[in-house]
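Please read the structure below before turning to the comments.
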Amino acid sequence: MSHLDALPPWAAILVAVLVLAGALLAFIGSLGLLRLKNFYQRVHAPTLGTTLGTFFMLAGSITCFSVLHGRPIFNEILIGVFLTVTTPITLMLLVRAALYRDREEGSEYVPQAPRRE
């Protein structure tokens, strides 16, 4: 017997839907990583899918613990804040490093840098 037995059926269904939606979005982002052709296309699908999927899972977690404790629980919001801040920064750093490398190698997938006058 666990403390989740105290969760009302309506809350259990809502939590299940939110967690499944989050897992589905994260899975779709992972499929995009496999199916897209080059690095610049591949970098978007997991970033967007995982971020949105994590927000759905956090909403499910917040709902579950808020109902169980009988008061709003927002500790998980810190996870969402850190994810929102770090994911775009990581994306930009990875893409800039790949762009620099590909321009130095003369790759056909990357436009040349604009000339400064």
Side-chain angles (χ1 to χ4, degrees):
M1 196 155 164
S2 73
H3 65 280
L4 292 179
D5 294 335
L7 200 62
W10 66 267
I13 291 171
L14 180 62
V15 168
V17 167
L18 288 170
V19 169
L20 285 175
L24 180 67
L25 284 169
F27 179 69
I28 289 170
S30 299
L31 284 180
L33 179 66
L34 293 174
R35 295 193 46 115
L36 295 173
K37 295 178 176 109
N38 63 25
F39 174 77
Y40 302 104
Q41 293 173 346
R42 284 183 187 154
V43 79
H44 290 289
T47 304
L48 297 175
T50 305
T51 303
L52 191 56
T54 303
F55 281 124
F56 274 115
M57 289 184 194
L58 288 174
S61 176
I62 290 170
T63 303
C64 177
F65 290 113
S66 293
V67 170
L68 283 176
H69 291 288
R71 62 184 173 85
I73 305 289
F74 295 115
N75 298 339
E76 290 91 355
I77 290 197
L78 285 175
I79 296 170
V81 168
F82 291 137
L83 184 73
T84 303
V85 169
T86 58
T87 301
I89 293 171
T90 306
L91 170 76
M92 287 188 307
L93 289 174
L94 285 171
V95 169
R96 282 183 177 221
L99 187 62
Y100 177 77
R101 182 199 63 206
D102 288 346
R103 282 185 177 157
E104 290 294 318
E105 293 176 356
S107 176
E108 63 189 49
Y109 294 112
V110 181
Q112 293 301 315
R115 297 181 191 260
R116 296 183 183 175
E117 296 178 31

Just verifying a value: how many Å separate [X] [atom1] and [Y] [atom2], rounded to the nearest 0.5 Å?
X     : Y     : atom1 : atom2 : value
Ser30 : Arg35 : OG    : CZ    : 13.5 Å
Trp10 : Thr63 : CH2   : OG1   : 7.5 Å
Ile89 : Thr84 : CD1   : OG1   : 10.5 Å
Thr87 : Met92 : OG1   : CE    : 11.0 Å
Asn75 : Leu58 : CG    : CG    : 11.5 Å
Leu25 : Leu52 : CG    : CG    : 5.0 Å

task: Take Ile73 and Leu68 through the test side-chain contact (heavy atoms from CB on, under 4.5 Å) and record every step on the way to the result.
output: CA-CA 10 Å; Ile73 305 289; Leu68 283 176; over 6 Å; no
Smallest separation among heavy atoms of [X] and [Y], with atom names:
X     : Y     : value
Thr86 : Thr90 : O-OG1, 2.8 Å
Pro8  : Val67 : CD-CG1, 3.4 Å
Phe39 : Ala98 : CE2-CB, 3.5 Å
Lys37 : Arg42 : O-NH2, 3.4 Å

- request: Determine, step by step, whether Glu105 and Asp102 satisfy the side-chain contact (heavy atoms from CB on, under 4.5 Å) criterion, reporting the C-alpha distance in whole Å, the side-chain angles of both residues, the deciding distance to 0.1 Å, and the verdict.
  value: CA-CA 5 Å; Glu105 293 176 356; Asp102 288 346; 4.2 Å; yes
Out of curiosity, does [Y] fall in the hydrophobic cluster containing [X] (side-chain heavy atoms, cut-off under 4.5 Å, transitive links)?
X     : Y     : value
Val81 : Phe74 : yes
Leu36 : Tyr40 : no
Val15 : Leu20 : no
Leu14 : Phe56 : yes
Leu94 : Leu99 : yes

- request: Please check if atom CZ in Phe65 has more than 12 non-hydrogen atoms from other residues, nucleotides or ligands closer than 6.0 Å.
  value: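 It does not: Phe65 CZ has 12 such atoms or fewer within range.
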query: Are any side-chain N or O atoms of Ser61 and backbone N or O atoms of Met57, one a donor and one an acceptor, separated by less than 3.5 Å?
result: no
